[in-house]
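As the structure lists them, so they are numbered: ligands from 1, and atoms in each ligand from 1.
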Amino acid sequence: MSKEVWQPGNMLYPIPAVMVSCGKTGEKPNIITVAWAGNISSSPAMLSISVRKERYSYDIIKKTGEFVVNLTSKKLARATDWCGVRSGRDYDKFKEMNLTPLESQKISAPGIAEAPVNIECKVKQIVELGSHDLFIAEVMCVTVDDRLLDDKGRLDLGKAQLVAYSHGEYFMLGEKLGKFGYSVAKKTSDKKAPTHKKRSKGKK
Ligand SMILES: Cc1cc2nc3c(=O)[nH]c(=O)nc-3n(C[C@H](O)[C@H](O)[C@H](O)COP(=O)(O)O)c2cc1C
């Protein structure tokens, strides 16, 4: 086996491409597509997004200290891309993409009603890294489309047709290969539909 050696670069894929909504009170809310995002702590629940200073959303998030991470689905794929190539300086992205601002539970910034999951966040720390600033945030609340719940109230995220981003391209999640811990489980129960309880068993 031979390998090519490349210069340092971002090659951690697949990752989510999320729509981050933000807004100042009294002004039109905005959406920025973010791929540099990830979970960083379970307790407290925290995540991070990396945003370039020149983005219109940067100042909004910095000043308000709030944003909502909206998961993206097959239906939202076009809007996800569009919100990542057009600026809120020039467009009302909610209006252009026919999206509905969703009043948040714990923060002032709105979520996106059409997204399967909305993660309300408060910024705790901003770290200057170079091209991007890292916004480290605490999750204040999560809202879930109740059509994704099964009859026992468990979240079935497989129904959401979530989108992943890999090396410049969008993909819909495909075949299920196993579930958390399946590699060491005595019996596999992979024939069952993928379901998730409200409080996940597989905490990292
Ligand atoms: C798939 C995708 C991922 C992106 N990821 C990021 C990111 O992680 N951080 C960032 O600052 N910009 C990212 N962008 C670019 C911004 O979304 C884009 O510049 C957007 O127009 C900024 O909007 P705004 O000026 O309204 O804030 C991404 C764009 C796309 C299409």
Side-chain angles (χ1 to χ4, degrees), residues 8-41 46-102 104 107-139 160-174:
N10 295 114
M11 200 45 78
L12 174 64
Y13 294 116
I15 48 177
V18 292
M19 296 167 94
V20 172
S21 48
C22 54
K24 289 185 191 155
T25 318
E27 290 182 21
K28 74 170 163 59
N30 193 46
I31 303 168
I32 172 175
T33 300
V34 168
W36 289 183
N39 290 325
I40 53 171
S41 162
M46 296 185 80
L47 57 75
S48 72
I49 58 169
S50 286
V51 181
R52 284 185 186 262
K53 281 194 172 75
E54 53 266 37
R55 308 297 186 223
Y56 175 68
S57 306
Y58 178 93
D59 277 339
I60 302 176
I61 295 172
K62 191 166 181 179
K63 286 198 179 117
T64 60
E66 293 181 349
F67 59 88
V68 181
V69 170
N70 303 274
L71 300 193
T72 52
S73 60
K74 186 183 177 190
K75 270 191 197 158
L76 290 173
R78 187 175 168 272
T80 303
D81 186 63
W82 198 88
C83 290
V85 293
R86 291 287 180 267
S87 179
R89 286 187 192 96
D90 311 314
Y91 295 94
D92 180 336
K93 297 193 196 181
F94 274 92
K95 213 170 158 192
E96 294 287 335
M97 291 291 103
N98 278 321
L99 297 171
T100 320
L102 173 74
S104 290
I107 62 173
S108 302
I112 301 172
E114 289 78 5
V117 176
N118 320 93
I119 308 167
E120 300 177 15
C121 300
K122 270 197 178 169
V123 177
K124 293 286 158 187
Q125 210 183 321
I126 304 173
V127 184
E128 290 196 31
L129 298 175
S131 60
H132 294 65
D133 280 10
L134 180 76
F135 289 80
I136 296 177
E138 185 169 344
V139 175
Q161 300 190 299
L162 295 180
V163 163
Y165 183 68
S166 186
H167 200 40
E169 297 175 308
Y170 307 96
F171 296 88
M172 204 175 85
L173 292 189

Any chance you could measure [X], atom [atom1], to [Y], atom [atom2], to the nearest 0.5 Å?
| X | Y | atom1 | atom2 | answer |
| --- | --- | --- | --- | --- |
| W36 | N10 | CH2 | CG | 4.5 Å |
| R89 | Y56 | CZ | OH | 8.5 Å |
| T33 | R55 | OG1 | CZ | 10.0 Å |

**Complete:** Contact region, A37 to ligand 1, non-hydrogen atoms below 4.0 Å, reads neither
**Residue portion contacting ligand 1 (non-hydrogen atoms closer than 4.0 Å) for Y165** = side chain
[Y] backbone acceptor or donor facing [X] side chain under 3.5 Å:
| X | Y | answer |
| --- | --- | --- |
| K124 | E138 | no |
| S73 | Q161 | no |
| E66 | A109 | yes |

Is there a nitrogen or oxygen of [X] sitting under 3.5 Å from a nitrogen or oxygen of ligand 1?
| X | answer |
| --- | --- |
| I32 | no |
| A17 | no |
| Y170 | no |
| D81 | no |
| Y58 | no |

May I ask you to identify the nearest protein heavy atom to [atom], giving residue, atom name and distance to one decimal place in Å?
| atom | value |
| --- | --- |
| atom 27 (O) of ligand 1 | S57 OG, 2.6 Å |
| atom 20 (C) of ligand 1 | C83 O, 3.6 Å |
| atom 23 (O) of ligand 1 | K93 NZ, 3.0 Å |
| atom 5 (N) of ligand 1 | A35 N, 2.9 Å |
| atom 8 (O) of ligand 1 | W36 N, 3.0 Å |
| atom 26 (O) of ligand 1 | G88 N, 2.7 Å |
| atom 29 (C) of ligand 1 | G84 O, 3.5 Å |
| atom 15 (C) of ligand 1 | R55 NH2, 3.6 Å |

**Item:** K24 side chain near K63 side chain, heavy-atom distance below 4.5 Å
**Value:** yes
Between the candidates [options], which shows the shortest non-hydrogen contact distance to [atom]?
| atom | options | value |
| --- | --- | --- |
| atom 7 (C) of ligand 1 | S87, P16, S50, C22 | S50 |
| atom 13 (C) of ligand 1 | V34, T33, V51 | T33 |
| atom 21 (O) of ligand 1 | H132, M19, R86, R89 | R86 |

**Prompt:** Does some non-hydrogen atom of E54 fall short of 4.0 Å from ligand 1?
**Reply:** no
**Whether Y91 lies under 4.0 Å from ligand 1, heavy atom** = no
**Request:** Tell me, please, which residues at least two apart from S166 pass side chain to side chain donor-acceptor pair (under 3.5 Å).
**Result:** none
**Message:** Looking at K28, I'd like to know if its NZ atom is crowded, meaning that more than 12 non-hydrogen atoms belonging to other residues, nucleotides or ligands lie closer than 6.0 Å.
**Reply:** yes
**Message:** Within a 6.0 Å radius of atom CZ on R78, are there more than 12 heavy atoms belonging to other residues, nucleotides or ligands?
**Reply:** no
**Complete:** Taking every heavy atom of Y58 against every heavy atom of V51, the minimum-distance pair comes out as CD1-O, 3.9 Å
**Message:** If the test is side-chain contact (heavy atoms from CB on, under 4.5 Å), which one of N70, V18, V69 qualifies with I119?
**Reply:** V69
**Message:** Need the ligand 1 atom indices (1-based, order shown) with element for anything under 4.0 Å from a heavy-atom of N30.
**Reply:** 24 (P), 26 (O), 27 (O)
**Complete:** Residues at least two apart in sequence or cross-chain that pass salt bridge (Lys or Arg N to Asp or Glu O under 4.0 Å) with K62, listed by chain then number, are none
